[in-house]
Amino acid sequence: MKTSVKTLALTGTLALILTACGDSGSGDAGGEGELVGSGSGDSCVIETPVPVGAVVSLTGAAASYGESQKKGLELALEQLTEKGGVEYDLKIEDDATDPRQGITVFEQLSEDRSAIIGPTLSNGAFQAQPIAQEAGVPVVAISNTADGITAQGDYIFRVSLTEAQVIPQTVEVAKAEYGLEKVVVMYSNDDAFTESGYKVFASALEEQGVEVLDTLTFSKADTDFRALLTEAKGDQPDAIVVSGLIEAAIPLVTQARELGIDVPIIGGNGFNNPKLMADAGEAAEGVVVGAAWNSASEGELNTAFLADFEEKFGSKPDQFAAQAYVGLAAIDAAVRSGCSGERDAIKEGLAGLTDLETVLGTLSINADRDSEHPAVVQVVEGGTFTPLN
């Protein structure tokens with residue numbers, strides 16, 4: 001991929017409220033004035049690298065998501081470096097899928113970083129983000145979908161869509177496609193992300209007149225779902241709706257097909273991982289998942305991203321890589337809007353992000369500091385996620 005195309009993938013079209021360069025407030029992570037540059041937007045030049053931290057789960061239960069995010073960040077960093085004008089000193093840390101470790105690394109990064117990306121899971125975000133809020137460090141959540149993430153403070157932003165933005169559309173499309181009238185719902189009740197997803201599923205099903213025959217719960221550490229699935233099968237539902245992480249999704253889907261359950265299985269965002277097809281194989285066919293991104297989405301930016309990612313890593317990106325890629329791009333847009341890498345300037349820039357062209361689609365940050373961009377409903381066909389709507 002030519003450098004010019006790579007640059008295009010992160011430049012996008014900014015419609016930001018540009019502020020004059022100069023003193024942009026407190027929180028100078030690089031020393032007084034060092035992170036304030038000259039110019040604005042694409043012409044912004046800052047002499048000192050802007051220090052950015054990222055906290056992702058490279059080990060533990062969410063490692064598959066974190067590894068994808070790390071790759072997305074590395075690709076974005078490489079392309080931003082090629083673009084020039086603003087250089088980023090990106091420090092990526094592992095929270096080991098442990099909120100206590102997340103707190104520790106957030107404390108460390110809050111000492112000298114201008115902004116922090118992550119962490120991977122909502123559980124960890126609820127524990128660690130208040131540390132950054134207290135320190136006045138802007139946070140960009142890249143995969144947290146639970147309610148209340150950005151409500152933790154005015155320094156907390158996210159580029160990921162919430163379950164409340166994606167799931168109702170997923171239920172609506174699945175109902176129309178499969179004529180759903182009655183379903184069984186399953187979810188892990190010991191995880192903030194999956195509990196939040198369950199609540200949104202329950203509300204969306206009720207609003208759209210789909211009867212819930214039964215609601216079954218499990219632990220996120222469970223791997224044997226045969227008893228629950230046998231109970232669900234006995235209800236003869238039109239579909240099984242599941243809010244769970246990918247580690248549960250793979251055995252659950254596999255065991256469901258082994259038990260002869262051939263109705264659609266509708267998953268939350270935790271199902272949105274290529275490991276589902278890689279590990280569950282044929283059993284994953286027909287699984288429906290709402291998502292913030294799909295590889296088949298049209299657009300020059302997405303096409304370039306897919307090619308660049310595969311060229312660099314020898315594999316295709318997933319949604320988590322795409323969201324991480326956009327997370328650093330959003331920080332770059334915020335930095336360039338005021339031509340400053342200081343904390344409060346980045347916070348102001350993130351709050352003003354409007355119509356930023358990204359691989360997720362045209363993205364804006366709303367008054368609640370959540371992102372708004374198109375969602376897509378997918379179904380697994382032929383071993384890949386295919387748009388259903």
Side-chain angles (χ1 to χ4, degrees), residues 65 68 121-122 141-147 149 158-180 183-188 191-210 212 238-246 248-250 252-253 263-277 280 284-298 302 317-323 326 358-363 370-381 384-389:
Y65 307 122
S68 289
L121 296 184
S122 296
I142 51 176
S143 55
N144 306 144
T145 58
D147 288 339
I149 292 293
R158 66 175 151 192
V159 297
S160 47
L161 293 178
T162 67
E163 294 285 59
Q165 291 171 296
V166 176
I167 286 176
Q169 184 176 337
T170 305
V171 172
E172 180 180 5
V173 172
K175 179 184 177 184
E177 182 72 18
Y178 303 110
L180 305 183
V183 300
V184 169
V185 176
M186 300 175 67
Y187 75 101
S188 60
D191 177 77
F193 158 68
T194 52
E195 285 189 275
S196 175
Y198 156 70
K199 291 176 183 175
V200 180
F201 264 127
S203 176
L205 290 165
E206 181 179 2
E207 288 177 1
Q208 295 183 42
V210 179
V212 176
D238 297 325
I240 295 178
V241 175
V242 185
S243 181
L245 298 175
I246 189 64
I250 293 167
L252 189 150
V253 167
V263 296
I265 297 175
I266 302 169
N269 195 45
F271 279 51
N272 191 25
N273 190 312
K275 282 178 65 65
L276 180 66
M277 292 81 83
E285 294 292 305
V287 170
V288 177
V289 185
W293 174 84
N294 183 275
S295 60
S297 297
E298 298 179 352
N302 200 44
D318 60 12
Q319 175 187 293
F320 294 89
Q323 289 175 316
V326 170
T358 78
V359 300
L360 303 176
T362 304
L363 183 151
D370 282 321
S371 68
E372 294 183 355
H373 67 80
V376 61
V377 180
Q378 314 166 111
V379 61
V380 178
E381 285 184 352
T384 62
F385 285 124
T386 303
L388 189 60
N389 59 333

Side chain to side chain contact (heavy atoms under 4.5 Å, CB included) involving Glu207 - partner list, sequence neighbours excluded: Ser203
Applying ring pair (Phe, Tyr, Trp, His ring centres under 6.0 Å), can you list everything that pairs with Tyr65, at least two apart in sequence or on another chain? Phe320
Mind checking ring pair (Phe, Tyr, Trp, His ring centres under 6.0 Å) for Tyr187 and listing every partner two or more places apart, or none if nothing turns up? Tyr198
side-chain hydrogen bond (donor to acceptor under 3.5 Å, both in side chains) partners of Asp191, counting only residues at least two apart: Asn123, Thr194
Does Lys199 have any side chain to side chain contact (heavy atoms under 4.5 Å, CB included) partners at least two apart in sequence or in another chain, and if so, which? none
Can you sort out the partners of Ala164 under side chain to side chain contact (heavy atoms under 4.5 Å, CB included), two or more places apart, ordered by chain and number? Asp147, Thr162, Val200
Across all chains, not counting sequence neighbours, the side chain to side chain contact (heavy atoms under 4.5 Å, CB included) partners of Glu206 are none
Nearest heavy-atom neighbours spanning Gln323 and Leu161: NE2-N, 4.3 Å
Once side-chain hydrogen bond (donor to acceptor under 3.5 Å, both in side chains) is applied, do any residues pair with Glu163, and if so which ones, sequence neighbours excluded? none
side-chain hydrogen bond (donor to acceptor under 3.5 Å, both in side chains) partners of Asn144, counting only residues at least two apart: none
I need the minimum non-hydrogen distance between Met277 and Thr384, along with the two atoms involved. CE-CA, 4.1 Å
With sequence neighbours left out, what residues match Ser68 under side-chain hydrogen bond (donor to acceptor under 3.5 Å, both in side chains)? Asp318
